[in-house]
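Have a look at the structure below before the remarks.
Whatever order the structure lists ligands and atoms in, that order sets their numbers, starting from 1.
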Amino acid sequence: MERDAIWVGTSWKMNKGPAASVAAANELARMSFPAAIQPFVIPPFTSLKDVCDRLSGSRVAVGAQNMHWQDEGAWTGEISPTMISECGAELVEIGHSERRTYFGETDHTVNLKVHAALRHGLRPLVCIGDTADEYSYSVTNETLARQLKVALHGVSEDDVPQVLIAYEPVWAIGASGRPADAAFVERTHNYLRKVLINIAGSSAGSAIKLLYGGSVTQDNAAGYVALPHVNGVFVGRAAWNVEHFQALAEGVIA
Ligand SMILES: O=C(COP(=O)(O)O)[C@@H](O)CO
């Protein structure tokens, strides 16, 4: 993975069964992406191994959408870091707002998962974000600082640069969301960088990749990436079609 690359990725969320995932992965494997871009896709668990196999040796990194923090055990329905590694994934998404809102993910479990991912050589992609209420009460920064501090608690300075952070306002995600305006993203990412430097020190805190997500499209992606401290975008709906994904990735640096 290119150290200074701009990260452009998509989670397919609960879309694409095994056949559709394999077809998409085959298309992605044939595509080229600008050298400055680090593309990644995050398929559902049922397709993880197939997608990893098809994209192995390509420029597209593959991740899982969630995981448990234990290596094994009586945790019905869960997937462990060892299972994810064995599939060939390099990344794991942790703490997406849909998991926090509907499946009981907490700052504490996010922290356990970050440590587990790093122990297993997986790159954690930690999602943080303020709710619409928090935004309207102007406590966005307080919420994000808390989420970041707990997520990275106990992570060594050496490991911190492995972590990717996606700032995704909950009010910006999905069909009912509205994209955050660029000035707000700029202010918020500046603040996040300061918090990261405060947590991890200047060198490690500056090295962490900070992505923006929430209603990113081909029209607005380049505007976000042009902002200071925005090192990429994490995209949902606008990148589920692989040709749209490629176009969005190319457009980010056009
Ligand atoms: O949830 C995300 C953004 O979804 P959009 O459909 O782009 O609003 C982000 O985590 C990518 O999955």
Open item on the list: Using a 4.0 Å cut-off to any heavy atom of His96, which atoms of ligand 1 qualify?
Closed with: 1 (O), 2 (C), 9 (C), 10 (O)
Task: Nearest neighbour in protein (non-hydrogen) for atom 6 (O) of ligand 1 - done: Arg237 NE, 2.6 Å
Task: Cluster companions of Val139 among Ile, Leu, Val, Met, Phe, Trp, Tyr (side-chain spacing under 4.5 Å) - done: Tyr137
Open item on the list: For atom 7 (O) of ligand 1, what is the closest protein heavy atom, and at what distance to 0.1 Å?
Closed with: Gly236 N, 2.9 Å
Open item on the list: Any salt bridge linking Arg99 with Glu93? Criterion: basic side-chain nitrogen under 4.0 Å from a carboxylate oxygen.
Closed with: no
Task: Audit row: Phe184, Tyr135, ring pair (Phe, Tyr, Trp, His ring centres under 6.0 Å) steps and yes/no - done: CA-CA 11 Å; Phe184 175 78; Tyr135 175 81; 5.2 Å; yes
TODO: Could you tell me whether ligand 1 has any atom less than 4.0 Å away from a heavy atom of Ser215?
DONE: yes
- [ ] Please could you name the atoms of ligand 1 that Gly174 approaches to less than 4.0 Å, counting only its heavy atoms?
- [x] 5 (P), 8 (O)
Open item on the list: If hydrophobic residues (ILVMFWY) are linked whenever their side-chain heavy atoms come closer than 4.5 Å, directly or via other members, who joins Phe103 in its cluster?
Closed with: Tyr102
Task: Over 12 foreign heavy atoms within 6.0 Å of CD, Glu86 - done: no
- [ ] Inspect the contact between Asp107 and Arg100 and indicate whether a charged nitrogen and a carboxylate oxygen are less than 4.0 angstrom apart.
- [x] yes
Task: N or O contact, Lys13 vs ligand 1, cut-off under 3.5 Å - done: yes
Open item on the list: Under 3.5 Å between any N/O of Gly213 and any N/O of ligand 1: does that happen in this structure?
Closed with: no
Task: Proximal atoms of ligand 1 relative to Glu168 (non-hydrogen, under 4.0 Å) - done: 2 (C), 9 (C), 10 (O), 11 (C)
